[in-house]
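Notes to accompany the following structure.
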Amino acid sequence: MGTVTRFAPSPTGYLHIGGARTALFNWLYARATGGKFLLRIEDTDRERSTDAATQAIFDGLRWLGLDWDGNAYSQFARKERHAEVAYAMIDNGHAYKCYATKDEIDAFRASPEGKYGSFQSPWRDADPATAPDAPYVIRLKAPRDGVMEIHDEVQGKVVWKNAEFDDMILLRSDATPTYMLAVVVDDHDMGVTHIIRGDDHLINAGRQSLIYMAMGWDIPVFAHIPLIFGDDGKKLSKRHGATGAEEYRAMGYLPDAMRNYLARLGWSHGDDELFTTEQAIEWFDLKSINKAPSRFDFKKLDNVSKYHIETVSDDVLLAGLQDYIGSQDREPLTNDAVVKLKSVLPIVRERSKKLPDLLDKARFILGARPFAPDVDEVKYLNSVFNGILKRLTPLLAEVTTWSKEELETLFRDLAEKEGVGLGKIAQPMKVVLSGTTKSPSTFDMMVAIGRAETLARINDAAAYMAIPE
RNA sequence: GGUCCCUUCGUCUAUCGGUUAGGACAUCUGGUUUUCAACCAGGAAAGAGGGGUUCAACUCCCCUAGGGACUACCA
C-alpha cells in the first residue's frame with residue numbers, strides 16, 4: 001500500500017507560512033515515497049470558515065507549487081458520515097450521549113474543582129432509560145485506566161496516562177462533528193497513512209488514537225513537527241513581518257526559494273543548504289526532522305532567494321516574474337518585453353535577492369528613452385563627465401567590434417588618457433544608459449542594446465548636462 | 001496548576017560515545033572593484049546549569065532552569 005499524506009487547514013484566514021511548511025513536508029514525503037498528497041479543508045466550524053479563506057489556501061498552495069492529488073475534500077460535507085461513526089461508537093460502548101447543558105458545564109468550570117480538572121459527565125454511566133428528551137452531545141467514553149503510547153516519527157515515544165484524557169465531545173448538539181472526530185474519520189476514510197502536522201497537535205495524537213482503537217481502525221504513522229517562531233523566539237505573527245504565503249509572493253520570492261528555505265527550517269540533509277525541489281524530494285525523510293522549534297530568518301531567506309534567482313531556468317524565472325508582477329496588480333510583461341528580458345537574463349539575474357531587484361536591473365532594457373536619471377544619481381552627470389563624454393562619443397562610433405572586450409579596452413584606454421579611474425567613466429555611463437547605477441555592468445548593457453541605441457542615450461543625456469549650472 | 005514536548009555559535013543546522021564540535025546566513029577584518037544587496041581571503045562565535053552511567057558524553061539517564069504546546073459543543 002502506498003503512502004498517503006494530507007494537509008488539513010481550517011479555512012479561517014490566509015495560508016500561514018507555518019502551515020505552508022507543514023503542507024510542504026507532507027507533499028515532499030508523498031512525492032518522495034511515490035504516494036499521494038491530499039488536501040482537506042477543515043470547515044466544520046461554520047462560524048469561522050469562509051470561502052475566501054479556502055480560496056486563499058488554494059492560491060497559496062498553488063503558488064508554492066504544492067499540487068494535491070484529486071479534489072480537495074470538504075470536511076463539513078462529510079458530516080453525515082461523522083455522525084454515523086459517533087453512533088457506531090455508542091453501539092460498541094465507546095461513546096455515550098451526554099445531556100449536560102452548556103450552563104452546567106460552565107458552572108462546573110467556575111467551581112474550585114473545575115478550575116483544573118476536566119468535566120466529568122454524569123451521563124457517562126447513566127441508565128439510558130433515564131435520558132431526558134433533550135438535546136445531547138455524544139462524548140467519547142475515554143478509558144480511566146492504563147496508558148496511551150504512540151511512536152511519533154519525530155518526537156519518538158510519547159506516553160500519557162489514559163486518565164489524562166477527558167470525555168471529549170465527538171458530535172455536537174447540532175449533530176455536527178467536532179474536529180477530534182472528523183479528523184479521525186476522514187483520515188481513515190481517505191486512507192491516510194502518515195499524519196505530518198504541527199506539534200501543537202501532539203496530544204491530539206493520543207486522543208485520536210483512542211477513537212481509532214474504539215473503531216478498530218489502523219492507527220496511521222504520526223510525525224509532529226515543531227512550530228516556526230519569529231526571530232525573537234515568539235510565535236510568528238504580523239509584527240515579525242509576513243505570516244501569509246501570499247505576502248512572500250508579493251515581496252518577490254520565487255516559489256523555488258520558498259520551498260528550499262522552508263524545507264531547511266526544521267529539516268536537514270547533512271550540510272546541504274541550497275538545493276532544488278527535485279533534490280529535496282530525493283532526500284526528504286521524516287527521521288531528519290529536528291525536534292526543536294526554529295526561527296524564521298529573513299536574511300537567510302534572502303540568501304536562498306538570491307541563489308534560486310541565479311540558478312533557476314529561464315522559463316521558471318520568467319514565470320516567477322510574471323507572477324510577481326501580477327501580485328503587484330500590474331500589467332503582465334508583453335511578449336515583446338519578455339523577448340527583450342530573456343535576452344539579458346544572464347546579466348540581470350546576478351546580484352538580485354528578490355524579483356523586484358531583478359526588475360530594477362532590467363530597467364535599461366524594459367524602459368524607453370529618454371532615461372531620466374534618478375534624483376540621487378544626477379550627481380554623476382557633472383561637467384567633468386560631460387567633457388569626457390564628448391571625447392568618448394566619437395570613439396564609440398568608430399569601435400570596430402561592438403563587444404564587451406573591445407568596449408572595456410576602449411574605456412580603460414580613455415580613462416588612462418584622461419587620468420581618471422575607470423569608475424569615473426563607467427559609473428556615470430550606467431546612469432546615462434539606464435538612469436541608475438543599480439544596473440548590470442556598463443559594457444553588458446551597451447552590448448545588449450547595441451551601438452545605435454547607446455549613442456542615442458548618450459545624446460539624451462547630453463541634453464541634461466547642457467543645462468548651465 | 002496539570003499533562004506533554006523542546007534546549008549545539010546571534011540564526012538555521014551537522015554530529016548516529018572517541019572530532020581542534022563542521023557547514024550556511026548574519027557579523028567583523030583585509031583585499032578587489034564599474035555602483036553593490038557582488039566577489040575573494042581571513043577572523044570571532046556554541047553543547048542552559050547540576051548530577052550520574054562509562055575508559056570516554058554534545059551524544060545515554062535523572063534533577064533544575066528556561067521556552068513552548070495542550071488543557072473549548074475551535075481546529
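Numbered from 1 within each chain, the chains take letters A, B, ... in sequence-line order.
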Inset, instruction - Write down the distance between CD1 (Ile289(A)) and P (U13(B)), rounded to a whole number of angstrom. - result: 11 Å

Inset, instruction - Name the nucleic acid region contacted by Met168(A), choosing base, sugar-phosphate or nothing; use a 4.0 angstrom heavy-atom cut-off, strictly under. - result: nothing

Legend entry - Note: Asp357(A)-Lys354(A) ion pair, threshold 4.0 Å (strictly below): no

Inset, instruction - Determine: side-chain N/O of Thr44(A) to OP1/OP2 of A75(B), distance under 4.0 Å, yes or no. - result: yes

Inset, instruction - Measure the distance from CG on Asn162(A) to P on U3(B) and round it to the nearest whole Å. - result: 15 Å

Inset, instruction - Give Leu265(A) one of three labels, base, sugar-phosphate or nothing, depending on what nucleic acid heavy atoms sit under 4.0 Å from its own. - result: sugar-phosphate

Inset, instruction - Can you tell me the distance, in whole Å, between the CZ atom of Phe275(A) and the P atom of C12(B)? - result: 16 Å

Inset, instruction - In whole angstrom, give the distance that lies between atom CG of Asp167(A) and atom P of C73(B). - result: 12 Å

Inset, instruction - Pick the C1' atom in C16(B) and in A41(B), then give their distance to the nearest Å. - result: 35 Å

Legend entry - Gap in Å between the two P atoms, one belonging to U8(B) and one to G49(B), rounded: 11 Å

Legend entry - N-O pairing of Asp186(A) and Arg40(A) below 4.0 Å: yes

Legend entry - Electrostatic pair Lys161(A)-Glu164(A), nearest N-O below 4.0 angstrom: no

Inset, instruction - Look at the side chain of Thr178(A) against the base of C73(B) and say whether a donor-acceptor pair falls under 3.5 Å; ignore hydrogens and angles. - result: no

Inset, instruction - Please confirm whether any donor atom in the side chain of Lys300(A) sits under 3.5 Å from an acceptor in the base of A24(B), or the reverse. - result: yes

Inset, instruction - Tell me which of Gln427(A) and Phe296(A) sits closer to the 5' end of RNA chain B, going by the nucleotide each one is nearest to. - result: Phe296(A)

Legend entry - Euclidean distance for P, C60(B) against G17(B) (whole angstrom): 8 Å

Legend entry - Between C28(B) and A38(B) - P atom distance, rounded Å: 12 Å

Inset, instruction - Just name whichever nucleotide pairs with G1(B), Watson-Crick or G-U, keeping both distances under 3.5 Å, else none. - result: U71(B)

Legend entry - Side-chain N,O (Arg109(A)) to OP1/OP2 (A72(B)) below 4.0 Å: yes

Inset, instruction - Let me know, please, whether Asp166(A) or Pro177(A) comes out on the 5' side of the other along RNA chain B by nearest nucleotide. - result: Asp166(A)

Inset, instruction - Have a look at Gly198(A) and say if it touches a base, only the backbone sugar-phosphate, or nothing, with a 4.0 Å heavy-atom cut-off. - result: nothing

Inset, instruction - Assign Ser10(A) to base, sugar-phosphate, or nothing according to its heavy-atom contacts below 4.0 angstrom with the strands shown. - result: sugar-phosphate

Inset, instruction - May I ask you to decide whether Arg412(A) forms a salt bridge with Glu408(A), counting only side-chain N to carboxylate O separations under 4.0 Å? - result: yes

Inset, instruction - Give Arg207(A) one of three labels, base, sugar-phosphate or nothing, depending on what nucleic acid heavy atoms sit under 4.0 Å from its own. - result: sugar-phosphate

Legend entry - Non-hydrogen side-chain atoms of Ile90(A) and Lys97(A) separated by less than 4.5 Å: yes

Inset, instruction - Classify the nucleic acid contact of Ala100(A) as base, sugar-phosphate or nothing, counting any heavy atom under 4.0 Å across all strands shown. - result: base

Inset, instruction - Report which part of the nucleic acid Asp357(A) touches: base, sugar-phosphate, or nothing (heavy-atom distance under 4.0 Å, all strands). - result: base

Legend entry - Rounded P spacing from C6(B) to G43(B) in Å: 36 Å

Inset, instruction - Just call it for Ser268(A): base, sugar-phosphate, or nothing, with non-hydrogen atoms closer than 4.0 Å on any strand. - result: sugar-phosphate

Inset, instruction - Once you apply the 3.5 Å cut-off to both distances, tell me the Watson-Crick or G-U wobble partner of C39(B), or none. - result: G31(B)

Inset, instruction - Could you work out the separation of U71(B) and A75(B) based on their P atoms and round it to a whole Å? - result: 11 Å

Inset, instruction - For His224(A), answer base if it contacts any base atom (sugar-phosphate contacts may also be present), sugar-phosphate if it contacts only those atoms, and nothing otherwise; contact means non-hydrogen atoms under 4.0 Å. - result: nothing

Legend entry - Whole-Å gap separating P (A38(B)) and NZ (Lys354(A)): 13 Å

Inset, instruction - Look at the side-chain N and O atoms of Lys306(A) and state whether any lies under 4.0 Å from the OP1 or OP2 oxygen of C39(B). - result: yes

Inset, instruction - When you get a sec, tell me which of G23(B), A75(B), A37(B) is the closest nucleotide to the side chain of Tyr179(A)? - result: A75(B)

Inset, instruction - To the nearest 0.5 Å, tell me how far Glu42(A) CD sits from Phe7(A) CZ. - result: 9.5 Å

Legend entry - Phosphate OP1/OP2 of U13(B) contacted by Ser294(A) side-chain N/O (<4.0 Å): yes

Legend entry - C1'-based separation of G68(B) from G31(B) [nearest Å]: 46 Å

Legend entry - Per Glu273(A) side chain, nearest of listed nucleotides A69(B), C12(B), U71(B): C12(B)

Inset, instruction - Could you tell me whether Lys141(A) atom NZ has more than 12 heavy atoms of other residues or ligands within 6.0 Å of it? - result: yes

Legend entry - Charged N-O contact under 4.0 Å between Lys430(A) and Glu377(A): no

Legend entry - Lys424(A) bridged to Glu418(A) by N-O distance under 4.0 Å: no

Inset, instruction - Take atom CZ of Arg264(A) and atom P of U11(B), then tell me their distance rounded to the nearest Å. - result: 15 Å

Inset, instruction - Would you mind classifying the nucleic acid contact of Lys299(A) as base, sugar-phosphate or nothing, using non-hydrogen atoms under 4.0 angstrom? - result: sugar-phosphate

Inset, instruction - Would you mind checking if Asp43(A) and Arg48(A) are paired as a salt bridge, meaning a charged N to carboxylate O distance below 4.0 Å? - result: no

At a cut-off of 3.5 Å, list every protein nitrogen or oxygen paired with a nitrogen or oxygen from nucleotides 4-10 of chain B, distance to 0.1 Å.
| residue | atom | partner | partner atom | Å |
| --- | --- | --- | --- | --- |
| C5(B) | O3' | Gln155(A) | OE1 | 3.2 |
| C5(B) | O2' | Gln155(A) | OE1 | 3.0 |
| C6(B) | OP1 | Lys291(A) | NZ | 2.3 |

Inset, instruction - Take the protein atom CG of Asp272(A) and the nucleotide atom P of G22(B), then report the distance between them rounded to whole Å. - result: 18 Å

Inset, instruction - Just name whichever nucleotide pairs with A14(B), Watson-Crick or G-U, keeping both distances under 3.5 Å, else none. - result: none

Inset, instruction - Select one nucleotide: of C73(B), A75(B), C25(B), the one nearest the side-chain heavy atoms of Met180(A). - result: A75(B)

Inset, instruction - Classify the side chain of Arg351(A) versus the base of U35(B) as yes if they form a donor-acceptor pair under 3.5 Å and no if they do not. - result: yes

Legend entry - Pairwise P distance for U27(B) and A65(B), with rounding to whole Å: 38 Å

Inset, instruction - Take the protein atom CG of Asn303(A) and the nucleotide atom P of U27(B), then report the distance between them rounded to whole Å. - result: 11 Å

Inset, instruction - Spell out, as yes or no, whether a donor-acceptor pair under 3.5 Å connects the side chain of Trp402(A) to the backbone of Met446(A). - result: yes

